[in-house]
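One structure below.
So that the names make sense, note that chain A is the first sequence line, chain B the second, and so on, each numbered from 1.
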Amino acid sequence: MEYNFTEIERKWREYWKKHDTYKAVIDKSKPKYYVLDMFPYPSGAGLHVGHPLGYIASDIFSRYKTLKGFNVLHPMGYDAFGLPAEQYAIQTGTHPAITTEKNINKYREQLDNLGFSFDWSREVRTSDPKYYKWTQWTFIQLFNSYYCNQAQKARPISELVKIFASQGTKGLDLACTDDLSFTADEWNSWDEKKQQQVLMNYRLAYLADIPVNWCPKLGTVLANDEVVDGLSVRGGYPVERKKMRQWSLRITAYAQRLLDGLNTVDFPEPVKDIQNNWIGRSEGASVFFEIEGRSEKMEIFTTRPDTIFGVSFMVIAPEHDLALSLATDEYRAKVEEYVTWAKNRSDVERMAEKKVSGQMTGSYAINPFTKEHIPIFIADYVLIGYGTGAIMAVPAHDSRDFAFARHFNLPISQVVAKEGAEIVPTEQWTESFDSKDGILMNSDFLNGLRVKQAIKAMNDRIEEMGIGKRKVNYRLRDAIFSRQRYWGEPFPIYYKDGIPYPLDESKLPLELPEVDKYLPTETGEPPLARAKNWCTSEGYKYETSTMPGFAGSSAYYLRYTDPHNDEMIFSPEAVNYWQNVDLYIGGREHATGHLIYSRFWNKFLYDLGLVPNEEPYKKLINQGMIQGRSNFVYRVSSFEKMAEYKVWQLLKDKKLGVEFKQDYKDGKRRFDFYCDEKKILIEIKREHSLEKVAEAYSEYAKDKGYRILLISIFDVMNRIDVVEQKIKDLVAGGDVPEFEEGEAFVPINLFISKNIPGREEFTVPIHVDINIVSNDILDIEKFRQWRPDFNDAQFVLEDGKYICGWEIEKMSKSMYNVQNPDDLVERYGADTLRLYEMFLGPVEQAKPWDTNGIEGVARFIKKFWRMFHDEDNNFCISEEKATPAELKTLHNTIKKVTDDIERFSFNTCVSCFMICCNELGKCNKREILEPLCVLISPYAPHIAEELWHEFGHDTSVTKAQWPEYNEAYTKETTFTYPISFNGKMRFNLELPLDMDPKQIEETVMANDLTKKYTDGKQVAKVIVVPKKIVNIVVKG
RNA sequence: GCCCUGGUGGCGGAAUAGGUAGACGCGCUGGACUUAAAAUCCAGUGAUCAUUGCGAUCGUGCCGGUUCGACCCCGGCCCGGGGUACCA
């Protein structure tokens, strides 16, 4: 009798459910610990083995922390709004809510199968009105807030109204779209509409005409992180730049705090790097250049003000306000043409083609230091969205400016030189010198300074002269928050006289209305415009776009602390107890999206005084991707090539006594094989081809004095011995008929096992379902049934088996390498799957899925079970006292497992359990096995729970205590020293631990084996590292 | 291009602080049990040479350095994976 995992696992899952084992309640007598998984979008495909990897890790950690006496919050929910359900709705008319519900149920079933310790009473779904009420509520708070740069904090907009009324913009430093300046009198004189327009310039959620990523195929706008290489991440459709009126979140106001916060959290270094780059802080200066003959000035941003003496032209972006007005009559037509061309280029085109392009405007700027008049160009290598959309070009020290200058034949002048390097005229340069440090030259008062000093000196001078100031720029853009989509949160906004107003909080949630179709209207409005009565009771129209995917996921971790609260987003009591997330596990792909948005969202709520921490996640772990391991079968693609290969095996290496050449070229003709010595030509073809050409070949051979043999594929495949005899006869000079008519070869579905020689030459690999392959051996019967076109398949086997090839690829349906966790749970049980997923390797590392190894873990579980049971599967435990050796094994295991879980090294824990069992052998003592049962329970909760109850406990193993490590049991009195010579280990020597280095050295040197290795050589030095190693350095 | 990661047997991986490289598992080979198979158990398993025994040499992507001693630290390169790209 063996361990019946199916029944036992089901039993305990039911028990946990019935007893609310994993329900978390506030308990101030215990320290809290918050473990969070990135909640999934419930896709129709369900889970594959890659998804649960992170969940298993977090579950182990949660269970461990609970056993260590923490009150653990470990919730789960669904990121339920999203494009796939909506696309499906468009195609089929099924309401996305129905699709989503169905998918969630499937997910839940799969998750339940794995025995996770989630507190499901706290489940949230972003598409649930009770949940998105608070997403909408937060949006209203953002709408009603502005950001004060001086206080570095969000403040209520009502406060700003008061300030404007009393002092205008004087003395204020606010995060805004445009730098406005007005007096109190001006403000007070404006009507409501004008005042609201001005306030929009400051709101943290604001409406503005901005260039957006418009995806015509999806009919919506996308955020920057939803676009990759000019294509939408979902669907891969082209995206174009377009100016549209959109809701945005002023995340840029928080750029510095988002950057600073990274130093306070424990995230993987790459994630911090990605966020750092995404935010992209650069320190520089904004400088105003006068324009020849005009009153307005041109503002540029540069990080290298020290190079201003090397400026030889200016460049502005095609979308720049001055672009057209700077064009002189002479250049107007060309400028207009260029601007139109540049604006209409899609991102995809721009990325594909990186040719230098640009257009002279005819206008000139004046260098404030050299007073030189320098031409102003328009070029699309300058981006309107960064800095001021205008630059001073320093071709000697910037690769893009250099390329531009060379293309338009503009002067290049060097102003920085590498210390001590020879000065080469710039005409001879092939690339710019992008010097981050060096010595200034040709730069008046900066000459001789180092770059760093020069930047400071120049910044000081610029500010003194009043022509500019120091400035920090960020690459980060405000987050576009509108989607022209149905399946998302409606904005709690209505329009009165064209001005947006927030809905009264008492009216929340504003529920998603029913629509007849999930498509835009004929006039191009979003789907919500189709809804009947999509307006307030007073008749004011609601906003018709919906919120993006990241809206609902930005604060879900907070809602989990108090998920059913209808009065407020969460109670202060709940959030102050549970605080922020201690451990967050999820994929790296969220580094620039969700993780930045939710950090921003959290900081905003922190500013409002609602949450106690500035950062939402203390520690982040990225689980690595599980790649698919595809299997291949090799189908014969050319029987002619296969036949040629077979015959060549008979001929090559003078096997018949004479040398044959393969693929022999005779004038314009080509033959498969040729023997010069015997003047023999051999050609292999299909029967009917041979019939056609037999005569021609025959004549040709006669003319040239060759003997020829035409062989049909059929003969090679079915009568190779006859073919061989013919060739032998021919070589021996016998009279062999050139061509004998025979049967036609009917091509078959033939598959060649991987290691059959020559296979590569005549087969093509075909993906085969990994579920009909085991240890790379194909189940031939299942293969025949797998696809109708294979049911007549025939095989060339090796050792009676068909061996498949394999490759590591992405896990995907089309490659037939998707491993479904349910199948494995059915075959091996959830505990085994959990252990195996951890055993595969470090959680953070990407690794291929390979079912081959799971047997080993399954064996371990069975072995573990047998330690507690006799041959008849009866629980059989001894109350005998444990031996010192057994206690040592147990306590070494306690120490190792505890340490490894603490450092999230889950894979080595599994090895440790195996080693422990191997060492304990047949030990069945309670004193050892009871703690071991608790130790393994985070990994294999079902079997642990069963054994725990068999031990006679009537409460769950999850309520047990983590075993305490006792050093006394593992203390050693001796250490086996590796004795090495010049760093090479030669033998071991067991010595008492209390022996001092001097004594050790003496003992080792006196040893016979040591003498053997030092014989005839001079001992230069002996290194003794207590409890580590002895190294003897010998010379000669 | 730039930034980050990783590179160890046939395979997944271990070596936590510079100190016995290859733990544990898979696979493979041989054996035990069995009428047989499965399951289970035992032994072996980095490479090469020597195998009559002791063994010897090489070996953590490549080249070099530091050190008594390097998978680990330093310098230079090669390859795989991810991010990002006219960000001035």
Side-chain angles (χ1 to χ4, degrees), chain A residues 2 228-229 268-278 280-282 284 300-304 307 315 350-351 354 356 379-383 385-394 397-401 403-404 434 473-477 588-589 591-592 622 624-625 627 629 775-776 806 808 835-836 839-842 844-857 859-860 862-863 866 896 899-900 902-903 905 907-916 918 976-988 1012 1020-1025 1027-1034:
Chain A
E2 282 206 334
V228 171
D229 294 337
E269 222 42 56
V271 172
K272 290 200 215 178
D273 286 336
I274 291 170
Q275 293 209 3
N276 252 314
N277 296 337
W278 190 262
R281 177 190 161 103
S282 53
I300 59 100
F301 174 74
T302 178
T303 55
R304 293 296 300 275
T307 60
V315 187
R350 275 189 48 184
M351 278 173 210
K354 280 182 184 166
V356 176
D380 67 354
Y381 81 89
V382 172
L383 305 177
Y386 187 77
T388 59
I391 62 152
M392 59 176 216
V394 187
H397 305 294
D398 180 287
S399 61
R400 297 149 302 178
D401 297 345
F404 194 84
D434 297 320
N473 244 313
Y474 299 92
R475 208 190 72 124
L476 184 72
R477 302 292 142 80
R588 182 158 304 170
E589 66 275 16
T592 52
N622 292 126
M625 226 202 356
Q627 297 143 314
R629 186 181 187 276
N775 289 344
D776 294 334
W806 59 271
I808 303 302
L835 279 162
Y836 185 58
F839 189 59
L840 232 33
E844 303 213 25
Q845 212 168 289
K847 56 213 154 240
W849 177 259
D850 186 348
T851 315
N852 291 350
I854 199 169
E855 301 279 353
V857 175
R859 242 167 259 164
F860 162 73
K862 281 187 225 159
K863 198 167 158 186
R866 279 199 302 270
K896 172 100 176 120
D899 289 353
D900 285 0
E902 289 281 358
R903 65 188 179 100
S905 174
N907 53 328
T908 50
C909 285
V910 182
S911 305
C912 187
F913 290 133
M914 291 174 172
I915 294 168
C916 176
N918 291 345
T976 306
Y977 280 90
I979 312 300
S980 56
F981 296 82
N982 292 338
K984 230 168 249 172
M985 205 280 278
R986 292 300 177 184
F987 62 93
N988 286 308
K1012 186 185 143 196
K1021 207 175 183 183
V1022 178
I1023 285 134
V1024 177
V1025 185
K1027 244 196 138 178
K1028 281 265 154 68
I1029 201 166
V1030 177
N1031 190 22
I1032 298 156
V1033 186
V1034 290

Say we look at [N] and [M]: how far apart would their [atom1] atoms be, to the nearest angstrom?
{"N": "G81(B)", "M": "C86(B)", "atom1": "C1'", "result": "25 Å"}
{"N": "U67(B)", "M": "G19(B)", "atom1": "C1'", "result": "12 Å"}
{"N": "G7(B)", "M": "U57(B)", "atom1": "C1'", "result": "25 Å"}
{"N": "A32(B)", "M": "G6(B)", "atom1": "P", "result": "48 Å"}
{"N": "C74(B)", "M": "A23(B)", "atom1": "C1'", "result": "30 Å"}
{"N": "C24(B)", "M": "G46(B)", "atom1": "P", "result": "12 Å"}

Using a 4.0 Å heavy-atom cut-off, does [X] contact any base of the nucleic acid, only the sugar-phosphate backbone, or nothing at all?
{"X": "Arg859(A)", "result": "sugar-phosphate"}
{"X": "Gln845(A)", "result": "sugar-phosphate"}
{"X": "Val1025(A)", "result": "base"}
{"X": "Ile274(A)", "result": "sugar-phosphate"}
{"X": "Ser399(A)", "result": "nothing"}
{"X": "Asn1031(A)", "result": "base"}
{"X": "Arg477(A)", "result": "base"}
{"X": "Asn918(A)", "result": "sugar-phosphate"}
{"X": "Asp900(A)", "result": "base"}
{"X": "Lys896(A)", "result": "base"}
{"X": "Ile915(A)", "result": "sugar-phosphate"}

For U20(B), does the base pair up with any side-chain atom of Lys984(A) as donor and acceptor (N or O, under 3.5 Å, distance only)?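 Answer is no: no donor-acceptor pair is held.
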On a heavy-atom basis, which atom in Ser282(A) and which in Tyr386(A) lie closest, and how many Å separate them?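 Answer, listing the atom of Ser282(A) first, then Tyr386(A): OG-OH, 2.5 Å.
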Counting distance only, does the side-chain N/O of Tyr977(A) pair as donor-acceptor with the main-chain N or O of Lys1027(A) below 3.5 Å?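 Indeed, once roles are kept as given, a pair shorter than 3.5 Å links the two residues.
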Which of the following nucleotides, U84(B), A21(B), C11(B), is nearest to the side chain of Asp850(A)?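 Of U84(B), A21(B), C11(B), C11(B) is nearest to the side chain of Asp850(A).
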Nearest to the side chain of Trp278(A), which nucleotide is it out of U84(B), C26(B), A14(B)?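 The closest nucleotide is U84(B).
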Can you find a side chain N or O atom of Ser905(A) that sits less than 4.0 Å from OP1 or OP2 on U16(B)?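 False: Ser905(A) side-chain N/O out of range (4.0 Å or more) of U16(B) OP1/OP2.
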Syn or anti for G9(B) (syn when the glycosidic angle lies within 90° of 0):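 With its glycosidic angle within 90° of zero, G9(B) counts as syn.
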For RNA chain B, what string of dots and brackets results from 5' to 3' when Watson-Crick and G-U pairs need both distances under 3.5 Å, crossing pairs get [ ], and pairs with another strand get |? (((((((..(((......[....)))((((((.......))))))((((.....))))..(((((..]....))))))))))))....
